[in-house]
A.B. asks: 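One structure coming up, written as structure tokens, with questions to follow.
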Amino acid sequence: MSQRKTFYVTTPIYYVNDQPHIGHVYTTTLADVLARHHRIRGEDTFFLTGTDEHATKVVDAAAERGLSTQDWADKNAKAFRETFARLGISNDDFIRTTEDRHKSRVLGYVKCLIDSGDVYKGDYEGWYDAGQEEYVPELKAKEQDFKGVISGKPLIKKSEKNYFFKLSAYSAELIDLIERDVFKVAPEARKNEILNRLKTARDIPLSRTGVADWGIRVPGDEEHSIYVWIDALFNYLTAVDTKERRHYWSADVQFVGKDILWFHAAIWPGLLLALKKQTDYGWIELPKVLYAHSFWIREGRKMSKSLGNFVDLEEIDAYVVDFSLDGLRWFLVTQGPLGTNDGDFARERFAEVYNADLANTLGNCVNRVATMTHQIFGGVLPGSGPDIEGSSELRDAVAAGVTKAAAAVDEIAIDAAAAAGLEIVRAVDGFIAKTEPFRAAKQGREAELPTILYHCSEALRVASLILWPVLPGKIEAFWEAAGYNYASRIAAGGGEIKSWAQWGGAREGQKIGQIKLFQRFKVPKAEGGGKQKQNQKGQQPKKKKAPKVKAPPPGPKDELSYEEFCALDIRIARVEAAEAVAKADKLLQLTLRLGDGETRTVLSGIREWYSPEEMVGQQVVYLANLAPRKIRGIMSQGMVLAANDVGNAAVLLQPIKELPDGAKVS
RNA sequence: GGCGGCAUAGCUCAGUCGGUUAGAGCGAUGGCUUCAUAAGCCAUAGGUCACUGGUUCAAGUCCAGUUGCCGCUACCA
């Protein structure tokens, strides 16, 4: 048996605490469509998805519900698995990071990296400022003359006990590989982004301490757990690191959302480069393409947890009821945020696209051709007669569509591939309008009918092959009605689109079944004032970014003694002056009056939400005895207190009535 | 603040190495047609190609600046 070309595609593994929503479905659908494109080509295709389960929060979430961590993870992993199954996703495997096959291999990789020296323990030599109890980055330390900002005492070189991965040792090589597209990061804008960031790449922590009995321990050092991100990234490798599957490596295409670009475009390939150097892992190459799509917004607004406006499973199901599963897939693929811009999941738009592309164009065309075949030839396909006007042009259009679609698939432009398929259908509609088979008899052109109807059916057959990856359910129904056995041949690994898409595959004498693939969706007439257009240009709602995940912030203590509380000097203060800080987007410099003519200068990161003008004269709640700190060259004496609104906007706190400046809060 | 990207018809977007009247799909309007799912076909839409300046025989397409938006990054203790 000759070696079939392989194709390995992955989605991220999904955080098991999440409820599946449109974002998960989107990424997974993209991978599914691409996998099917390659299956119909006859390639040995492997499509992987799964769940990421070792986060500490999984332990918490389970505890909150009185479940064991494993039970909670099982339950949610099952939700993902079942959702994808129900949505017709054709993944070949579903990996969970809590599975032994994953854990055992990750141990092996990490051990190997430790042995090689690419993972080292804790000699993170940082400049520690004892006064501030924090590490100061090298550059900053130099700026400060290696002295504490406040104390003026010399910084101490101190080391943290942790495992680190030597990403910095691989950044130059990564930059080179990405620049030359050996490891291709797409779209282009993401590539630039990552190249820029790699320039300043530092070593990254690979482990954490103090985690409950959950996760994977660092081999040989039970006090440390492998950082969950590292653990998770390895899934792409563990799933195929077996004798039977190793030939799938490396991944041909990895789909991710733009939010996790850094992990997949820098850390992940960095780990692989390090592993590859080791004798046992010489076969490891980098993935070929990392594709970072953008996000769905909804009716012009960003989807977020705090807004609670995710398109969730319930709604996805409702869309499937109204528009069919393939209708959903079509919308996701053709209207989705494959590029750098976010896409809008808007119901009105959904219905428009569904009706225009699927009901009016594809469904209607298939139906009209079948009906004419029935009326004229009793439902049996005639053989083609001599060429007539327009027939060779139609064949050209079909061939062009096939070529275009194939090229699009190679570039992962699955939206363009779908469009190429639909273009063929449009060409059929145009051909029918031109040749008017329904009038031919009256005009004495009966002789043209076999050619006309054969061309229509044949063109639709070829279009169906291109459209199958996006619309597998409906296209298979079409195949069944027309007696094509492509579905079973693809399922058996015998896809052959190249030969199938050649002109002439439809056979004289085959039955053309009548079928209505996509019912037109009637927009419920709910009038009463014009409908408001969301998402007008230039009126995009201002979006606030989700907070970045940084070094884990020290959470609140479980308990605080009264004495500790009393140690806080909280006061009411009046903003006497406010101005934006130069070279900082978020900072406002406030001059606070505490009464008795005493004033303090405080910097606060609230500029996004408060202008200097509106701040002046306001009373605020002020923590006065916080250790002063130099920010942007200005000494900030304490902090102004604010609470987080939905979407993480800061909202300043104020006394419910005017108070004397400097009033004590207790 | 630094780096990068984008700004083209009502909407979503194409526009390759700069070169005749700037394109597609959707929507809208008008006409044709009836095989078909109130579907189809054709025509039309007068878009300062963000703004200003520059290079060139010639710029949406290159350069500089301006404005707006987006992303990464710094700053928010």
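Sequence lines set the chain letters: A, B, ... in the order given, protein chains first and strands last, and positions in each chain run from 1. This is a predicted model, so every value here is computed, not measured. Just so you know, these numbers use all the heavy atoms, side chains as well, and skip hydrogens, waters and symmetry mates.
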A.B. asks: Which whole number of Å gives the distance between the P atom of B:rG27 and that of B:rC11?
C.D. replies: 15 Å
A.B. asks: For nucleotides B:rC49 and B:rU33, find the distance between their C1' atoms and express it as a whole number of Å.
C.D. replies: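 After rounding to an integer number of Å, I get 37 Å for this pair.
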A.B. asks: Both A:Ala189 and A:Phe518 contact RNA chain B. Taking the nearest nucleotide for each, which residue is further toward the 5' end?
C.D. replies: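 Its nearest nucleotide being more 5', the pick is A:Ala189.
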A.B. asks: Would you measure the distance from the C1' atom in B:rG18 across to the matching atom in B:rU34 and give it in whole Å?
C.D. replies: 49 Å
A.B. asks: Check the distance between B:rC72's C1' and A:His264's NE2 and give it to me in whole angstrom.
C.D. replies: 18 Å
A.B. asks: Apply ring pair (Phe, Tyr, Trp, His ring centres under 6.0 Å) to A:Phe331 and list each qualifying residue two or more places apart in sequence or on a separate chain.
C.D. replies: A:Trp296, A:Phe345, A:Phe350
A.B. asks: From the set B:rC76, B:rC13, B:rC72, return the single nucleotide nearest to any side-chain atom of A:Glu193.
C.D. replies: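 The listed nucleotide nearest to A:Glu193's side chain is B:rC72.
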A.B. asks: Kindly write out the residues that satisfy ring pair (Phe, Tyr, Trp, His ring centres under 6.0 Å) with A:Tyr291, not counting sequence neighbours, or none if the list is empty.
C.D. replies: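 For A:Tyr291 the ring pair (Phe, Tyr, Trp, His ring centres under 6.0 Å) partners, ignoring immediate neighbours, are A:Phe255.
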A.B. asks: For nucleotides B:rG47 and B:rG53, find the distance between their C1' atoms and express it as a whole number of Å.
C.D. replies: 23 Å
A.B. asks: So what stems show up for RNA chain B if we need 3 or more Watson-Crick or G-U pairs in a row, all under 3.5 Å?
C.D. replies: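 Only these stems qualify: B:1-7 with B:67-73, B:10-13 with B:23-26, B:28-32 with B:40-44, B:50-54 with B:62-66.
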A.B. asks: Sticking with atom P, work out how far B:rC69 lies from B:rC26, rounded to a whole angstrom.
C.D. replies: 33 Å
A.B. asks: Take atom C1' in B:rA59 and the same atom in B:rU52, then report the distance between them in whole Å.
C.D. replies: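 Each nucleotide's C1' atom is 15 Å from the other's.
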A.B. asks: Quick one: list whatever passes side chain to side chain contact (heavy atoms under 4.5 Å, CB included) with A:Arg426, sequence neighbours left out.
C.D. replies: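 Side chain to side chain contact (heavy atoms under 4.5 Å, CB included) list for A:Arg426, sorted by chain: A:Asp357, A:Thr361, A:Leu422.
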A.B. asks: Could you give the distance separating B:rA9 and B:rG46 at their C1' atoms, to the nearest angstrom?
C.D. replies: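 Roughly 10 Å separates the two C1' atoms.
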A.B. asks: Between P on B:rC41 and NZ on A:Lys434, what's the gap in Å once rounded to a whole number?
C.D. replies: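 The distance from NZ of A:Lys434 to P of B:rC41 comes to 13 Å, rounded to the nearest Å.
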A.B. asks: Ring centres under 6.0 Å, that's the criterion: do A:Tyr354 and A:Phe323 meet it?
C.D. replies: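 Ring centres of A:Phe323 and A:Tyr354 closer than 6.0 Å.
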A.B. asks: How far does NZ of A:Lys404 sit from CD of A:Glu423, to the nearest 0.5 angstrom?
C.D. replies: 3.5 Å
A.B. asks: Does anything in residues 358-374 of chain A form a salt bridge (Lys or Arg N to Asp or Glu O under 4.0 Å)? List the pairs, not counting sequence neighbours.
C.D. replies: A:Arg368-A:Asp429
A.B. asks: With a 4.0 Å cut-off on heavy atoms, is A:Leu517 in touch with a base, just the backbone sugar-phosphate, or nothing at all?
C.D. replies: base
A.B. asks: For A:Glu476, give me all partners under side chain to side chain contact (heavy atoms under 4.5 Å, CB included), at least two apart in sequence or on another chain.
C.D. replies: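 Side chain to side chain contact (heavy atoms under 4.5 Å, CB included) check on A:Glu476 returns A:Trp468, A:Pro472, A:Trp479, A:Ala487.
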A.B. asks: Applying side chain to side chain contact (heavy atoms under 4.5 Å, CB included), can you list everything that pairs with A:Gln514, at least two apart in sequence or on another chain?
C.D. replies: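 Applying side chain to side chain contact (heavy atoms under 4.5 Å, CB included) to A:Gln514 gives A:Ala370, A:Thr371, A:His374.
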A.B. asks: Sticking with atom P, work out how far B:rU29 lies from B:rG68, rounded to a whole angstrom.
C.D. replies: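 Their P atoms lie roughly 38 Å apart.
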A.B. asks: May I ask you to evaluate whether A:Arg197 reaches the phosphate of B:rU73, defined as a side-chain N or O under 4.0 Å from OP1 or OP2?
C.D. replies: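 Yes, within the criterion.
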A.B. asks: Tell me the salt bridge (Lys or Arg N to Asp or Glu O under 4.0 Å) pairs involving residues 408-419 of chain A, sequence neighbours left out?
C.D. replies: A:Arg41-A:Asp410
A.B. asks: Checking all strands, does A:Ala359 fall into the base, sugar-phosphate, or nothing category for heavy-atom contacts under 4.0 angstrom?
C.D. replies: base
A.B. asks: Name all residues meeting the side chain to side chain contact (heavy atoms under 4.5 Å, CB included) criterion together with A:Thr403; count only those two or more places apart in sequence or in a different chain, and write none if there are none.
C.D. replies: none
A.B. asks: Going by heavy atoms in the side chains, are A:Arg395 and A:Glu458 under 4.5 Å from each other?
C.D. replies: no
A.B. asks: Could you check how far CG of A:Leu422 sits from P of B:rU12, rounded to whole Å?
C.D. replies: 20 Å
A.B. asks: Rounded to the nearest angstrom, tell me the gap between atom CG in A:Asn341 and atom C1' in B:rC69.
C.D. replies: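 Computing the A:Asn341:CG to B:rC69:C1' distance gives 10 Å.
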A.B. asks: Would you kindly give the NZ-to-P distance between A:Lys258 and B:rG71, to the nearest whole Å?
C.D. replies: 6 Å
A.B. asks: Which residues in residues 402-417 of chain A have a heavy atom closer than 4.0 Å to any atom of RNA chain B?
C.D. replies: none
A.B. asks: Do A:Asp176 and A:Arg180 make a side-chain contact, defined as non-hydrogen atoms from C-beta onward lying under 4.5 Å apart?
C.D. replies: yes
A.B. asks: Taking ring pair (Phe, Tyr, Trp, His ring centres under 6.0 Å) as the test, write out the residues that go with A:Phe263, two or more places apart.
C.D. replies: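 Ring pair (Phe, Tyr, Trp, His ring centres under 6.0 Å) check on A:Phe263 returns A:Trp229.
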A.B. asks: Which nucleotides of nucleotides 25-36 of chain B have their base under 4.0 Å from a protein heavy atom (B), which only their sugar-phosphate (S), and which neither (-), written as one string 5' to 3'?
C.D. replies: SS------SSBB
A.B. asks: Could you check whether A:Gln519 gets within reach of a base, just the sugar-phosphate, or nothing at all, counting any heavy atom under 4.0 Å?
C.D. replies: base
A.B. asks: Between B:rA39 atom P and A:Gln514 atom CD, what is the distance in whole Å?
C.D. replies: 20 Å
A.B. asks: Expressed as a whole number of angstroms, how long is the span from A:Leu261:CG to B:rC72:P?
C.D. replies: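 So the two atoms are 9 Å apart, to the nearest Å.
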A.B. asks: Return the value, rounded to whole Å, for the distance between atom CG of A:Asn192 and atom P of B:rU73.
C.D. replies: 15 Å
